[in-house]
Amino acid sequence: MDIVTAHDRPNTVAEAIEIQETLRGLVELEDRCPQEIVTVTGLDVAYDEESDLIAAAAVTLETAGFRVVEKRTVVSEVSFPYEPGLFAFRELPSLIDALRALDHTPDLLICDGHGLAHPRRFGLACHVGVVTGLPTVGVGKTRFIGEHAEPGRERGARTPLTDGGEVVGTVLRTQDGVKPLYVSVGHKISLDNACRQVLRLCPAFRQPETTRHADRLARDTLKEALAR
DNA sequence: GCGACAG
DNA sequence: ATCTTGTCGC
């Protein structure tokens with residue numbers, strides 16, 4: 001698929017923050033998802049502290065049946081340290097390369113990190129969305145910012161995630177009794193639709209099928225790369 | 001100044 | 001993210 005916007009590689013924390021402040025203005029909040037979301041791509045990475053290697057995976061599924069239709073992986077060296085609020089700069093280069101290698105452009109991207117639920121309202125999901133021009137959803141496993149009430153224990157239960165008086169995401173229970181997921185808008189999708197899609201992608205487990213596939217593929221790819 | 005802090 | 005055994009529950 002084509003990548004519409006080039007992404008900068010900052011050399012300092014201050015530079016990275018500056019880039020976020022600039023790109024945040026490009027996030028589109030209007031839902032521009034197709035009526036029928038046929039394919040969804042899950043993104044995830046795996047790291048190796050010793051070698052500084054990072055393996056990124058992009059797996060595209062058909063929403064009807066969750067069949068894998070395409071998958072790509074990329075192994076490279078990390079170029080930015082982990083910094084809360086800036087970790088997009090660590091994963092972005094590899095993720096974008098994996099996406100670029102896809103033959104078909106998906107209808108939606110599911111990211112393993114927050115979107116608007118970020119200190120500067122520009123988490124990984126927003127960054128991926130702006131760079132690809134595609135609708136993206138941010139799915140976090142733990143809270144980063146904001147406050148929220150505990151959602152009911154049943155699948156589908158949710159409570160708003162608020163920060164500084166504004167709703168920045170939704171705390172969504174994707175299975176009965178499991179820890180909830182933190183869903184937030186990345187780009188070109190409404191929070192309501194984002195939750196609907198995430199719930200649809202979680203028919204049996206806590207995490208979306210897309211993320212589960214990408215997570216496993218990234219891990220296996222890294223292990224294979226380290227074995228040689 | 002003291003905690004909190006996506007992956 | 002990753003390091004890790006046993007163990008509770010379906």
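The figures that follow rest on heavy atoms only: side chains count, while hydrogens, waters and symmetry mates do not. By convention in this document, chain letters (A, B, ...) are assigned in the order of the sequence lines, proteins followed by strands, and residues within each chain are numbered from 1. Values in this document were obtained by computation on a predicted structure and should not be read as measured data.
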Per A/R219 side chain, nearest of listed nucleotides B/dG7, C/dT2, B/dA6: C/dT2
Closest to the side chain of A/A46, out of B/dG7, B/dA6, C/dT2, is C/dT2
What integer distance in Å separates [X]:[atom1] from [N]:[atom2]?
| X | N | atom1 | atom2 | value |
| --- | --- | --- | --- | --- |
| A/L86 | B/dC5 | CG | C1' | 11 Å |
| A/F144 | C/dA1 | CZ | C1' | 15 Å |
| A/D112 | B/dG7 | CG | P | 8 Å |
| A/Y182 | B/dA4 | OH | P | 15 Å |
| A/E49 | C/dT2 | CD | P | 10 Å |
| A/L95 | C/dA1 | CG | C1' | 13 Å |
| A/F89 | B/dA6 | CZ | C1' | 14 Å |
| A/F80 | B/dA6 | CZ | P | 15 Å |

Is any side-chain N or O of A/R143 closer than 4.0 Å to OP1 or OP2 of B/dA6? no
Check whether any side-chain N or O of A/K141 sits under 4.0 Å from OP1 or OP2 of B/dA6, and answer yes or no. no
Any stacking of A/Y47 on B/dG7, going by centres under 5.5 angstrom and planes within less than 30 degrees? no
Taking the ring of A/H213 and the ring of A/F66, is the distance between their centroids below 6.0 Å? no
For A/E150 and A/R173, run salt bridge (Lys or Arg N to Asp or Glu O under 4.0 Å): C-alpha distance rounded to whole Å, both residues' side-chain angles, the deciding distance at 0.1 Å, then the answer. CA-CA 10 Å; A/E150 182 72 11; A/R173 191 92 63 187; 3.2 Å; yes
Should the pair A/R9 and A/F89 be classed as cation-pi, given the thresholds of under 6.0 Å to the six-membered ring centre and 45° from the axis? no
Any side-chain donor paired with an acceptor under 3.5 Å for A/T60 and A/T39? no
Are side-chain N/O atoms of A/Y47 and A/E91 paired as donor and acceptor at under 3.5 Å? yes
Atom CZ of A/R32 with >12 non-hydrogen neighbours under 6.0 angstrom: no
Between which residue ranges does DNA chain C form stems of three or more consecutive Watson-Crick or G-U wobble pairs, both distances under 3.5 Å? none
Going hydrophobic residue to hydrophobic residue with side-chain gaps under 4.5 angstrom, can you get from A/V74 over to A/V78? no
Does [X] reach a base, just sugar-phosphate, or nothing at all? Heavy atoms under 4.0 Å.
| X | result |
| --- | --- |
| A/L43 | nothing |
| A/I54 | nothing |
| A/G138 | nothing |

